[in-house]
Each structure stands twice: as structure tokens, then as C-alpha cells.
Amino acid sequence: MLILAFDASTPVITVAVARAEGEAREVLAEVSASVRGASETLLPSVNTALDLAGARLGSVDRVLAGVGPGTFTGIRIAATTARALALATGAALSKNSTLAALASPALSGGQPEVLAVLDARRGQVFAQRFPAAGPATRIYCERPEDLFVEGSPLIVGDGAVRYRAALSALGSIPPDDSPLHRVTATGHVLSADLTPVDADDLV
């Protein structure tokens, strides 16, 4: 199964093309671009990722979209693009949490628990704790100084970078330039269950 995954809910557009065989998932290409405007950046990034993977849009079996939390405009553009591409190609649709995608690389690297934190603006963060074994917590939208989590997780995301002073007491935070702070389409490929959804559910 060929997967086209993308996310536009943060200031960086990310697109990946991957192949899934059973539980095994191989990323063939990933492209990231700073947002000039998600409407201008997303489709060119999709075309670039497909070209790098040596794949055609018509061969995509599954379109996987990140559905936030994040910027409303970016989420809306990603959902609309996913629905249009699926309609044009006949591919099935799937969706995945942007916080799950953010946490996934660290969890795959052996971290026992990860707190994924995205800057929600206006002095708040979106945060969700992901243990390696067991369900994730609900998504919190709070001021970073009011956030409380059990344990001592690895804290990743642009919210962790921006509010390092307020969040450092909750766990360890990688250096600001760590790739673990970036949402990636590869993270979506690793963390999504790929259950098909109706176009009306991709909101």
C-alpha cells in the first residue's frame, strides 16, 4: 500500500510518501517547507515528495492527513486537499493527530513516555502525554505554567522550545535544534492506525 501523508497545522508543511506492508512501514521520501501560505506550499510539496519517491499520484492507495491541533487555516487546507486528492484518485482517506505524530519518533527511539507540546499562541500550549505502553491522555490546552503531568516525560515540540523555562520542571527537553521538536509526516506514518474514514469525518 502506498501512503501519501501530510500535515499543515504548524508553521512547517511536511509531506511523506511511504509504503506499508502489514505492520511494516517504509518511508520513501519526505519533504518539509516553511509556510509561505499552506495553500501555496502544500501541493508543490506533495509533487516534490512523489517525484523523490519515484511514485505517481495515481498509484497512491491511502491519503493520510494530520488534523491538528494547530492553526485552523492549515488544518482546513490539509483536510480539503486530502479530500480532493482522494476523490480524484480513488484513494482511501485516513486521519491522525498532529500531537501523536510529534511524539512518535521519540517513542520509536525507545523513550518510555513523551509529552508532545505545540505552541497554541496567546500564551497557551496544546499538550498530550504518550506513554510507550498504554493510552495517551486527553489533549490539554493550557498556559504552560499551569500544565501538570505525572512521571518525568521527554518533552518535545515547538511549545517545549518556546516555554522551556516553564516546562523544564516537568521532564527533560532536548536542545532547541533537535529534530524531535518538529512535526513530520514520517511521524504520521509511524503513529497512524490507517483506519479509513469517510470524507465527511475528515474535519
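Within the structure, salt bridge (charged side-chain N to carboxylate O under 4.0 Å, His left out) contacts touching residues 184-195 (residues at least two apart or in different chains) do not occur. Among residue pairs with one or both ends in residues 100-121, those qualifying as salt bridge (charged side-chain N to carboxylate O under 4.0 Å, His left out) are Glu113-Arg129, Asp119-Arg121, Asp119-Arg162; sequence neighbours excluded.
Met1 and Val63 end up in different hydrophobic clusters when Ile, Leu, Val, Met, Phe, Trp and Tyr side chains are linked at under 4.5 Å. Note on Leu115 and Tyr140: same hydrophobic cluster, where clusters join Ile, Leu, Val, Met, Phe, Trp and Tyr whose side-chain heavy atoms are under 4.5 Å apart, directly or indirectly. Linking ILVMFWY side-chain heavy atoms closer than 4.5 Å, directly or via other members, places Phe6 and Leu50 in a single hydrophobic cluster. In the hydrophobic cluster analysis, where Ile, Leu, Val, Met, Phe, Trp and Tyr join through side-chain heavy atoms closer than 4.5 angstrom, Leu190 is grouped apart from Leu102. With hydrophobic clusters built from ILVMFWY side chains whose heavy atoms lie under 4.5 angstrom apart, Ile13 shares a cluster with Leu57.
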Should Val183 and Leu118 be marked as a side chain to side chain contact (heavy atoms under 4.5 Å, CB included) after you check the CA-CA gap, both sets of side-chain angles, and the distance that decides it?
CA-CA 9 Å; Val183 174; Leu118 290 173; 4.1 Å; yes

Could you go through the side chain to side chain contact (heavy atoms under 4.5 Å, CB included) check for Leu85 and Val60 one step at a time?
CA-CA 10 Å; Leu85 292 177; Val60 171; over 6 Å; no

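Looking at Ser104, its side chain never comes within 3.5 Å of a backbone N or O of Ala100 through a donor-acceptor pair.
Contact of the Asp158 side chain with the Pro11 side chain is registered, since non-hydrogen atoms from C-beta on lie closer than 4.5 Å. Taking 4.5 Å as the limit, every side-chain heavy atom of Pro105 sits out of range of all side-chain heavy atoms of Thr186. In this structure the side chain of Leu99 reaches within 4.5 angstrom of the side chain of Phe130, judged on heavy atoms. Counting heavy atoms from C-beta outward, Arg164 and Asp176 have side chains that approach closer than 4.5 Å. Counting only heavy atoms from C-beta outward, the side chains of Val114 and Leu180 never approach each other to under 4.5 Å.
Atom CZ of Arg25 has more than 12 heavy atoms from other residues, nucleotides or ligands within 6.0 Å.
With rounding to the nearest 0.5 Å, the separation of CG in Leu4 from OG in Ser94 is 11.5 Å. Atom OG in Ser45 sits 10.5 Å away from atom CD in Glu30 (nearest 0.5 Å). Here the CG atom belonging to Leu28 is positioned 5.0 Å from the CZ atom belonging to Arg19, to the nearest 0.5 angstrom. In this structure, Leu170 CG and Leu147 CG are separated by 6.0 Å, a value rounded to the nearest 0.5 Å. Put simply, OG1 on Thr89 and CZ on Arg62 are 11.0 Å apart, with the number rounded to the nearest 0.5 Å. Note: Asp146 CG to Gln124 CD = 9.0 Å, rounded to the nearest 0.5 Å.
Nearest heavy-atom pair, Ala18 versus Val189, reported as atom, atom and distance to 0.1 Å: CB-CG1, 3.8 Å. Scanning both residues, Ser32 and Arg182, for their nearest heavy atoms gives OG-NH1, 3.7 Å. Shortest non-hydrogen contact noted between Gln128 and Ala136 is NE2-CB, 3.7 Å. Minimum interatomic distance between Thr71 and Ala8 (heavy atoms only, all atoms of both residues): OG1-O, 3.9 Å. Residues Ser97 and His188 approach most closely at O-CE1, 3.5 Å, considering heavy atoms. The shortest non-hydrogen separation linking Pro174 to His181 is O-NE2, 3.1 Å.
For Ala86, the side-chain contact (heavy atoms from CB on, under 4.5 Å) criterion is met by Leu93, not counting sequence neighbours. Contacts of Asp177 classified as side-chain hydrogen bond (donor to acceptor under 3.5 Å, both in side chains), with partners at least two apart in sequence or in another chain: none. In terms of the side-chain contact (heavy atoms from CB on, under 4.5 Å) criterion, residue partners of Arg56 (sequence neighbours excluded) are, by chain and number, Ser59.
A side chain to side chain donor-acceptor pair (under 3.5 Å) with Asp7 is found for exactly one of Thr98, Thr14, Thr184, namely Thr98.
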Just distance, no hydrogens or angles: give the donor-acceptor pairs under 3.5 Å from side chains in residues 75-84, sequence neighbours left out.
| residue | atom | partner | partner atom | Å |
| --- | --- | --- | --- | --- |
| Thr80 | OG1 | Arg76 | O | 2.9 |
| Thr81 | OG1 | Ile77 | O | 2.7 |
| Arg83 | NE | Ala199 | O | 3.4 |

